[in-house]
Structures are given as C-alpha cells and as structure tokens.
Amino acid sequence: MIATTNATVFDIHLLQEQICAHLTLRDIRRCSLVSRDFYFNFTPHLYKTISIHRKSTFNKFHQPESLAALSKHRNQVNHVSCEFAQIWKTLLDHKCHNLVTLTSGRLLKRYSNVEKNKHQTRYISDLIEVNPRLYSVSLGQFLFKPEVVTRFCSVLRHHTQIRELSIVSPTVCVPCALTRQFLWSSFRLEKLCLDVFSTKYSHEEISDLQFQEYLGLTGSKNPVFSLKELFFPVNMYLREHDAFFRFLEFTPHIERITTPTFRYDYQIEGLQAVMQTTVTNIQHLNVHSISVDGRLVAEMVRLCRNLKSFVSGSRRHGVSFVAGALLEHKETLEEVHLVQASRITSLQVLSFLTDCPKLRIFDVMCKWEKLSPDSEVLARQRIGDVILSTADMNAIAATSTISWACTGLKVLKMRYAVSERDQNETEEEWEAANEWVLPKVLYDRIAELTELEILWLGRVEPAVPSADSLMLAWRVGRGEVVPELESRQPVSESEIRQYEMGTLNMSKALLAWRSLSRLRQLHLRGLKNFIDKNAVREARKSWGNLDWVWYH
C-alpha cells in the first residue's frame, strides 16, 4: 500500500535534519537561497560547524551582522575550528554553551599571531568550563605558565565529558613538572596528545611525596586511567623516565602509544617491564623518537599483542631484527612505516608483501631525495630507504606464481633496484629483458592491487663505481650540478635502441595499471626518461580520482 501525503516541496524542512546530515556547508548555503522558508529553516544548520582558517574570514566573522547571527544561533554551534584563538573570547561573550569540539591549529606564519594566540589560553579554560557537552579539544598553541597550566588542568579534571585532548607546540620549552600535571589530570581522557619540547630536568628520581601529590590529583589511591591513545614524544632526560613509568602503571587500557624520546638502553628496559605487567594491550606502536639499538625495539614489538601498526625511527643497527619481530605479527599487521631503515633486507620487504594479508599501508620510502655519503650505498638511494631487489623478485616468481597477499593495500611507497648487466649477456638479451627499467614481475603484481590509492615507486640505478661518494655529497650539498648523477642521454645506436625498449616497457606498465581505478597519487622516481606522455594520458582515463602524477 502506498502512503499518501499532502506535503509539498516547500515542506522539505520537516526532513531538514536528515537532509542536512548528508549535505556540505556549501550545499546547505545554496538551499537557504531557494525561498524565504528555506532560509529560515536551513540557516541554523550553517552554524553547527564554524571553520575559519583565513584572516579575511576571521574579520568577516566579527562584523556586527555576523555577530548578531551568532547570538541568534548560538545553541546550534557544535563544532568550531579556527586558527585564531581570539575566537574563544567571542564564543564566551555570545554564550555558545553547546560546543562538542574545539580545534585551534598551529599558526606559524607570523610570530606576533602566535604570541596573541598563547595569551588566549585563559579564555579556553573558561570556555571548556561552561560547555558541559565538550568532547574533544585540540590546541596548536598554549601558554605554559604554572598558573595557566594549573587552572587548565583543574578544569580538565572536573569536566565529565572531555575524552580527547591534543596540545601540539613542539618548539615550546616546557618544564617536566608541567607535563606531569597534564598526564595525571588525564584520568578521564581516552586520547591524550602532548607534543612539546622539554628541556628542564632534575638529577633525582621523583620522590614518594611528589608521587603522592600527583596521585592526589586523581582523587583515588588506586586510579585506573581510561587512556587508550597516548601521543607523548617529549624528551626524557636522565631520571625523568621513572616518573613516566610510574604513570603507565595506572593505564592498563592503552592500545596506541607514541613513546617519549629515549636514548639509553636502560630506559627501554624499563618500558619493556611496564609492557610485561600493565600495558599489555598495545596494538599500535610508534617508536620514531627512540634512537637505541634495534634489538631492544624488536623485544618491544614481540611484547605487543596482535600488533596492527608500527612506525620506526632512525637507527643504524638491529633494524633487521625489528623487521623480523614485525613479521611475527603478519596475520594482524595493517600499517608499516619503516623510513630510514635501510638495513632491512630485500627478502624481508618481500615477506611483508607476500605474508601480510591485512596490510593496508606499506611505507618504506622517504619524501625527499638526498645523496648518501656512504660508499656502500647506491649513489641514487635516499638515505635510509629500503630497496627491493629485482633478483629476489625474479627468484620467487620462478618458483611460485602466488600473488601478493596484501590485496587490500592502499598505500605503497617503495624503491626497487635494477639488476646490473651480466658480463656474459649479449646486447639482444639485455634489450629483450628490460629488467633494467621496470621488472614485469613487479608491475604485474602492482596491477593486482585494485584498492591502491597512493603509489610511490622509485628506481635505483647501480652505483657510480668511479665516483667518490663523500665528494659528491659535498658538491650536492653546495647546490652544484653533479654530471655524474645527472640522467645520461643515450648516444650510441645500441643505447638509443635500449631506451626505446625501456620506454615501451614503461608504457606497458602504465597500461597495466589502468586496473587501479582508485589511484589518487602516482609518484615515479628515476623513470622520467622512459615516460611516454601519450601512455600517461591513456592511463589517466581509468584514474577518475587522480590528484596528480609526478615523475623525475
């Protein structure tokens, strides 16, 4: 039976809540221009989310007519994102007491603006206090003075709804005593991000009296913190880590942790002890701030249960042990970031791709090009990049036809090394192989990753045997043009024929990648001389969501 109704198109405001939930602010603004009724019914929804990131927009927001509209619709304001912290006083003055999220990003363009934002912290504390529904607060600036921090932490402890707090000011020097106040005031939070630069430290461990004072902030002798995510990459000097470990003893629910900056082995051993007893449910581990031997990090990885994501730091020794420990979680691993971890072997790289069925992000490639001063590292290798060997890929392909297990991979950033020419190989065999451009076994496997959205692929050429790597690094650092590292143009007839075959090989790869219908970014390094623009245009027809293609 078909239901009948007398409603007309102008009664659409009866469904406005459901309609606006699926519209952007721009669409809602256009709907408000349809008629007078639409204007009165749709305009309040424009004030649910206030997003200001330009000075001109901030000035328009403070015009009299805009402030009058804000007073009228103050109960509809739920989400505010503004880089200019002066807006907090405006929200206070106009009694916006129904906020759910507050976001104030970092404003680095002008130092004067940064200083103005810092001194608005007292208004943020007041604004949090009068908004009982507030759930998330994210600040890109903060005035780290004892009285300001004490006031803010007091408000934080007594607020019953806040679950997420983020303060990111990595260039600000903060005493360790103030960072401890944030930690011990976060017993109701589920997510805490405190990214600051700590320089002041003491040579003594935290005393029992000081510990009781911090414990008293929670109002319980045996508190159990609700923290599930902790992002705390601050500097840990000498004995400051003891206070941090004592804090972790009350956080059994942490699943995602970014460790502080540890530089000594005994600090890692203390963290391992806490992971064995209290923090036993870590599924996301970020150790980019740790600069100790990789063997100790590998032990931390083994202590995790069902590890899903891992972010590595810059270290030279024991990285292969870290990779081996990660592969023990191959059934649950979803994200792997191993930038600046060049000691990982090519076979371990292949193991991540062939043995991790849930892998979604595999990032082992740095963003920028640099020349390695190490003569043992390939001259075109970015310092720390992991390199997949063509020989290993061919060896596995010869014995097995099994595809990569990570069929749902969305981000792939990786370099591969081309094979050097065999002395016994003829020119005809060398031209036919085309392994020196882009191996077929590699681009065929990539073509099977139909969920792929970001592809960064770098070709690494054999090192220049007659070049002094240290001298080349010095010349590149001065900004000089180094002919030895410039892309050499073919001269002889055989070389021209080889480059033509390489271009044909690259065109086949681009056409094979037309299956990547969700591709948004394609970044190709070391392949510019083999790119046929017509092949790129043809392939782009299948990449409807593509943002950009970059090759050099």
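As the structure is a prediction and not an experimental result, all values here were calculated from the model. Atoms considered below: every heavy atom in the structure, side chains included; atoms not considered: hydrogens, waters and symmetry mates.
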Query raised in the report: For residues Ser346 and Asp392, is any side-chain donor paired with an opposing acceptor at under 3.5 Å?
Result: yes
Query - Ion pair check, Glu299 and Arg302, cut-off under 4.0 Å - result: yes
Report summary line: Looking only at heavy atoms, the pair that brings Cys406 and Leu353 closest together is SG-O, 3.4 Å
Report task. Fit a plane to each ring of Phe225 and Phe247, take the angle between them on a 0 to 90° scale, and name the class: parallel (under 30°), tilted (30 to 60°) or perpendicular (over 60°). Result -> perpendicular
**Report entry** Step-by-step salt bridge (charged side-chain N to carboxylate O under 4.0 Å, His left out) determination, Glu448 to Arg445
**Finding:** CA-CA 5 Å; Glu448 296 173 359; Arg445 290 293 180 261; 3.5 Å; yes
Query raised in the report: Only one of Leu442, Asp363, Leu455 clears side chain to side chain contact (heavy atoms under 4.5 Å, CB included) with Met414; which?
Result: Leu442
Requested in this report: Would you please name every residue forming a ring-ring contact (aromatic ring centres under 6.0 Å, His included) with Tyr135, sequence neighbours left out?
Outcome: none
Report task. Let me know which of Ile282, Leu227, Asn286 forms a side chain to side chain contact (heavy atoms under 4.5 Å, CB included) with Ile257. Result -> Ile282
Query raised in the report: Are Phe530 and Asn505 close enough, and set up right, to give a side-chain contact (heavy atoms from CB on, under 4.5 Å), and what steps lead you there?
Result: CA-CA 8 Å; Phe530 310 103; Asn505 173 254; over 6 Å; no
**Report entry** Spatial distance of atom CG (Leu248) from atom CZ (Phe232) [nearest 0.5 Å]
**Finding:** 9.5 Å
Report task. Could you point out which residue of Val224, Val279, Asn281 forms a side chain to side chain contact (heavy atoms under 4.5 Å, CB included) with His253? Result -> Val224
Query raised in the report: Measuring from Glu335:CD to Lys410:NZ, what's the distance to the nearest 0.5 Å?
Result: 10.5 Å
Query - Gap between atom CG of Leu102 and atom CG of Leu139 - 0.5 Å precision - result: 8.0 Å
Query raised in the report: When Ser309 is tested against each of Arg360, His284, Glu334 for side chain to side chain contact (heavy atoms under 4.5 Å, CB included), which residue passes?
Result: His284
Query raised in the report: Under 4.0 Å between a Lys/Arg side-chain N and an Asp/Glu carboxylate O for Lys358 and Glu331?
Result: no
Report task. Given side-chain contact (heavy atoms from CB on, under 4.5 Å), test Arg188 with Arg163 step by step and report yes or no. Result -> CA-CA 7 Å; Arg188 285 196 178 95; Arg163 294 296 179 267; 4.1 Å; yes
**Report entry** CG-SG distance between Leu183 and Cys176, expressed to the nearest 0.5 angstrom
**Finding:** 10.5 Å
Query raised in the report: Is the distance between the ring centroids of His337 and Phe362 less than 6.0 Å?
Result: no
Query raised in the report: Can you name the closest pair of heavy atoms from Pro223 and Phe250 and give their distance?
Result: O-CD2, 3.2 Å
Report task. Compare every heavy atom of Leu388 with every heavy atom of Met393, then report the nearest pair and how far apart it is. Result -> SD-CD2, 3.4 Å
Query raised in the report: Which pair of non-hydrogen atoms, one from Val301 and one from His329, has the smallest distance, and what is that distance?
Result: O-NE2, 2.9 Å
Requested in this report: Please examine the side chains of Phe310 and Val287, heavy atoms only from C-beta on, and report whether any two atoms are closer than 4.5 Å.
Outcome: yes
Query - Nearest-0.5 Å distance, CD of residue Gln267 to NE2 of residue His241 - result: 5.5 Å
Requested in this report: For residues Thr261 and Pro233, report the shortest heavy-atom separation together with the two atoms involved.
Outcome: OG1-O, 3.8 Å
Report task. Find out whether Lys330 and Leu333 are in side-chain contact, i.e. whether some heavy atom of one side chain is under 4.5 Å from a heavy atom of the other. Result -> no
Query - Flag for Gln141-Ser104: side-chain donor and acceptor within less than 3.5 Å - result: yes
Query raised in the report: Using the ring of each side chain (for Trp, its six-membered ring), is His523 parallel, tilted or perpendicular to Trp550, with breaks at 30° and 60°?
Result: parallel
Residues 509-519 side chain polar contacts: donor-acceptor under 3.5 Å, at least two apart:
from	atom 1	to	atom 2	distance (Å)
Trp513	NE1	Tyr443	O	3.2
Arg514	NE	Leu511	O	3.1
Ser515	OG	Ala447	O	2.6
Ser515	OG	Ala512	O	3.3
Arg518	NH1	Glu451	OE1	2.6

**Report entry** Worked verdict on Phe182 versus Ile167 for side-chain contact (heavy atoms from CB on, under 4.5 Å)
**Finding:** CA-CA 10 Å; Phe182 283 103; Ile167 299 179; 3.6 Å; yes
Report task. For residues Arg459 and Arg415, report the shortest heavy-atom separation together with the two atoms involved. Result -> O-NH1, 4.4 Å
Report summary line: CZ (Arg180) and CZ (Phe244) are apart, to the nearest 0.5 Å, by 12.5 Å
